[in-house]
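Proteins get letters first, then strands, A, B, ... in listed order; numbering begins at 1 in each.
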2 protein chains.
Amino acid sequence: MGTKGEKLRQRIVAAADELFYRQGYENTSFSDIADAVGISRGNFYYHFKSKDEILNAVINTRVSGIDKMLNEWNKEFTDPRQRLYHYIDMPLRNQEKISLHGCPVGSLCTELAKASHSMLDDANNMFIVFRTWLVAQLELLGIDNNAEQVAMHLLARGQGIASVANAFEDKEFLQQEVKQLKRWLDDEIFDSSH
Amino acid sequence: MGTKGEKLRQRIVAAADELFYRQGYENTSFSDIADAVGISRGNFYYHFKSKDEILNAVINTRVSGIDKMLNEWNKEFTDPRQRLYHYIDMPLRNQEKISLHGCPVGSLCTELAKASHSMLDDANNMFIVFRTWLVAQLELLGIDNNAEQVAMHLLARGQGIASVANAFEDKEFLQQEVKQLKRWLDDEIFDSSH
DNA sequence: ACCAATATAGGTCAACCGTCCTATATTTCA
DNA sequence: TGAAATATAGGACGGTTGACCTATATTGGT
C-alpha cells in the first residue's frame, strides 16, 4: 500500500534535497520544489504539511544516506587507514559541487544556525554520524585517548576546505588542502600509534 | 555638509552589519534594520535605494574595518610571529559570538554563494584583506616560497573552526583547535625558516 | 462494478517583503 | 527670515511565500 505515494514522496525529498543544497533552505519555495518534481503545490502539500516537515525529511534522508555510504566504505576498504584516506578524499571526489555550493552538511548547519532554527540539532546529526565513524576508525588504529578530538579536527578541516573553496570557487586550493590533510593524518597516526 | 545624514547612515550600516551577522542577509528585512535604528522604512529608503546597496555598504565597512584592525595589530605587535598568534587567537577572543553566529566573513560568503549573489566577489575581499596581511607577515618570517598557500591554509583553518564551533555551539572545541593551530604554525615556521 | 481511500490539481488567503511615492518636517544658507 | 535642499514619516503597490481549502481524479479492495 501507498507504493505510488511513497515513490512520489521520495522524489519530492530528493528534489528538495538538491534544491536546499544548491540554493539554500530559506531560499527554496514550495513552488520551486513542486516545479522541479513536476507536480502542483496542492499535491505537494498533501505529502508534506509544512516546510519544516520536508526539511526534517531531507535531514533524515541525508543522515541515513551518510550512514549507508559509510557502511559501504567499510565493505570496500578493510584497512581503517584506507577508510580515512577515502574520507579525506571526499571533497576531492565532489570538488565540482563543493566549489559551487559548499559542503551540504556544513552549509545547511550554518544556515539553520543563522535562522535560529530548532532543527539545527537534527542537522548536526549529519556531522555526528561522520564523527562516530571517524572515531571508530581511529580507535581501530590504536588512537583511543584523543580519537574524538582528532575526529572533530577532521570534520573542521573538511569544513574549512569546503568553505574557502566555495567562497573563492577554487578547486586548486581544494586539491592542495586535501593533500596536506592526508599528510597531517600520516603524521598523526604515526605519532600516536608507534 | 550632510553631517547628520552621514551619522545616521553610519548607524544604519552598523545596525545592518550586526543583523546580517546574527540572522543573515536574506533573513533581515528593511523593517528589521529600521526598527533597530529607530527610524521609519521611508527614511531608511532615503539613505539606501536598494537592499543590495546596503549590503554593499556593509561589506565595504567590514573590509575597511578589517584593514583598520590589521593596521592596529601592526602597531601593537612588531614581531610578525606575535602578529600571527594574534590572528590565530581571534576566534578565541570572539568565541562567544562565533559559537553563536559563526564567522562574520565566512558565513556571509557562504550565504551569498548559496544565493548566487553577484556581490560574493566583493565579500571575498574580506578574506583577501586578511590573506594579503598574512602573506606579508609570513614573508617577514622568511616564508616566501609558499606564503600564499600557508595564508590560505590559515584562512581555511579559521573557517573550519568557526563552522564547527557554530554548528555544535562548542567553545571548548574552539579553544582546543586554536591551540592546535598555534602548534601547527610553530612547526610550519620552524620547518620553513631554519 | 462499486465504493472508500488515496492522490492530484488549482484556487484562495493573510502576511511579509522590497520598492516606490507623496506629504511633512527639519536644516541650510543666501 | 524665507526659500531651497535635505531629511523623515508612513502609506500604497505588486509580487511572493507558506498555508489552507475544496473539487476532481485515480486507485485498490470487495
Side-chain angles (χ1 to χ4, degrees), chain A residues 1-59 108 111-112 114-120 122, chain B residues 1-59 108 111-112 114-120 122:
Chain A
M1 97 271 282
T3 303
K4 188 182 176 188
E6 194 58 32
K7 199 139 191 173
L8 178 56
R9 193 189 149 93
Q10 287 176 0
R11 278 206 300 147
I12 292 174
V13 173
D17 191 344
E18 180 71 15
L19 284 170
F20 290 174
Y21 177 42
R22 279 167 42 183
Q23 53 191 33
Y25 170 64
E26 308 254 19
N27 222 4
T28 300
S29 68
F30 277 6
S31 297
D32 290 337
I33 306 172
D35 288 352
V37 183
I39 61 173
S40 67
R41 278 162 294 128
N43 188 13
F44 181 95
Y45 206 77
Y46 172 77
H47 292 278
F48 295 95
K49 288 181 281 297
S50 74
K51 210 183 175 189
D52 280 3
E53 195 171 309
I54 193 173
L55 172 61
N56 189 56
V58 166
I59 289 174
L108 180 59
E111 182 178 358
L112 295 182
K114 203 81 33 182
S116 296
H117 200 291
S118 61
M119 225 163 273
L120 171 60
D122 300 75
Chain B
M1 69 180 50
T3 303
K4 188 183 178 190
E6 194 58 31
K7 199 141 191 171
L8 178 55
R9 191 189 150 93
Q10 286 175 1
R11 279 205 300 146
I12 293 174
V13 172
D17 191 345
E18 180 73 13
L19 284 170
F20 290 173
Y21 177 42
R22 278 166 44 183
Q23 53 190 34
Y25 170 64
E26 307 254 20
N27 222 1
T28 300
S29 69
F30 277 8
S31 298
D32 289 337
I33 305 172
D35 288 352
V37 183
I39 61 172
S40 68
R41 276 163 297 126
N43 188 14
F44 182 95
Y45 205 79
Y46 172 78
H47 291 277
F48 294 94
K49 288 181 281 297
S50 75
K51 211 185 174 189
D52 280 3
E53 194 170 310
I54 192 173
L55 172 60
N56 189 56
V58 166
I59 289 174
L108 180 58
E111 183 178 358
L112 295 182
K114 203 88 16 189
S116 296
H117 200 292
S118 61
M119 224 163 273
L120 171 60
D122 300 75

How long is the span from the CZ atom in F30(B) to the OG atom in S50(B), to the nearest 0.5 Å? 6.5 Å
Output the rounded distance in Å from OH (Y46(B)) to P (dT24(C)). 19 Å
Result block: side-chain N/O donor-acceptor pairs under 3.5 angstrom for residues 31-39 of chain A, not counting sequence neighbours:
{"residue": "D32(A)", "atom": "OD2", "partner": "Q23(A)", "partner atom": "NE2", "Å": "3.4"}
{"residue": "D32(A)", "atom": "OD2", "partner": "S29(A)", "partner atom": "N", "Å": "3.1"}
{"residue": "D32(A)", "atom": "OD2", "partner": "S29(A)", "partner atom": "OG", "Å": "3.3"}

Just the rounded figure in Å: distance from C1' of dG18(C) to CG of D32(B). 13 Å
Length of the NE2-P vector between H47(A) and dG18(D), whole Å: 18 Å
Can you tell me the distance, in whole Å, between the CD atom of E53(A) and the C1' atom of dC20(D)? 14 Å
Using a cutoff of under 3.5 Å, can you pull out all pairs of nitrogen or oxygen atoms linking the protein to nucleotides 9-12 of chain D, with atom names and distances?
{"residue": "dA9(D)", "atom": "OP2", "partner": "S40(B)", "partner atom": "N", "Å": "3.1"}
{"residue": "dA9(D)", "atom": "OP2", "partner": "N43(B)", "partner atom": "ND2", "Å": "3.4"}
{"residue": "dA9(D)", "atom": "N7", "partner": "N43(B)", "partner atom": "N", "Å": "3.4"}
{"residue": "dG10(D)", "atom": "N7", "partner": "G42(B)", "partner atom": "N", "Å": "3.3"}

Looking at K51(B) and T28(B), would you say the former's side chain and the latter's main chain have a donor-acceptor pair under 3.5 Å? yes
Below 3.5 Å, can you tabulate the donor-acceptor pairs from side chains in residues 13-21 of chain A to any protein atom, sequence neighbours excluded?
{"residue": "D17(A)", "atom": "OD1", "partner": "R62(A)", "partner atom": "NE", "Å": "2.8"}
{"residue": "D17(A)", "atom": "OD1", "partner": "R62(A)", "partner atom": "NH2", "Å": "3.0"}
{"residue": "Y21(A)", "atom": "OH", "partner": "K97(A)", "partner atom": "O", "Å": "3.2"}
{"residue": "Y21(A)", "atom": "OH", "partner": "G102(A)", "partner atom": "O", "Å": "2.7"}

What pair of heavy atoms forms the shortest contact from H47(A) to R9(A), and how long is it? O-NH1, 3.6 Å
Positions of residues 22-31 of chain A (non-hydrogen atom under 4.0 Å from DNA chain D), listed by number: T28(A), S29(A), F30(A)
D35(B) atom CG is separated from dC16(C) atom P, nearest whole Å, by 12 Å
Taking NZ from K49(B) and P from dG18(C), how many angstroms apart are they, rounded to a whole number? 17 Å
Aromatic ring pairing Y25(A)/H117(A), orientation class (parallel under 30°, perpendicular over 60°, tilted between): perpendicular
Is the backbone of G24(A) close enough, under 3.5 Å, to the side chain of E111(A) for a donor and an acceptor to pair up by distance? no
Quick check for you: to the nearest 0.5 Å, what is the distance between F48(B) atom CZ and E53(B) atom CD? 7.0 Å
Could you check L112(A) against D122(A) for side chain to side chain contact (heavy atoms under 4.5 Å, CB included), going step by step and ending with a plain yes or no? CA-CA 10 Å; L112(A) 295 182; D122(A) 300 75; over 6 Å; no
Residues from residues 10-17 of chain B lying under 4.0 Å of DNA chain D - heavy atoms: none
Could you tell me which residues satisfy side-chain hydrogen bond (donor to acceptor under 3.5 Å, both in side chains) with N56(A), sequence neighbours excluded, listed by chain and number? none
R9(B) CZ to dT6(D) P: how many Å, rounded? 15 Å
Checking N27(B) against K114(A) for the side chain to side chain contact (heavy atoms under 4.5 Å, CB included) test, could you report, in this order, the C-alpha distance in whole Å, the side-chain angles of both residues, the deciding distance, and whether it holds? CA-CA 9 Å; N27(B) 222 1; K114(A) 203 81 33 182; over 6 Å; no
Measure the distance from CD1 on I33(B) to P on dC17(C) and round it to the nearest whole Å. 11 Å
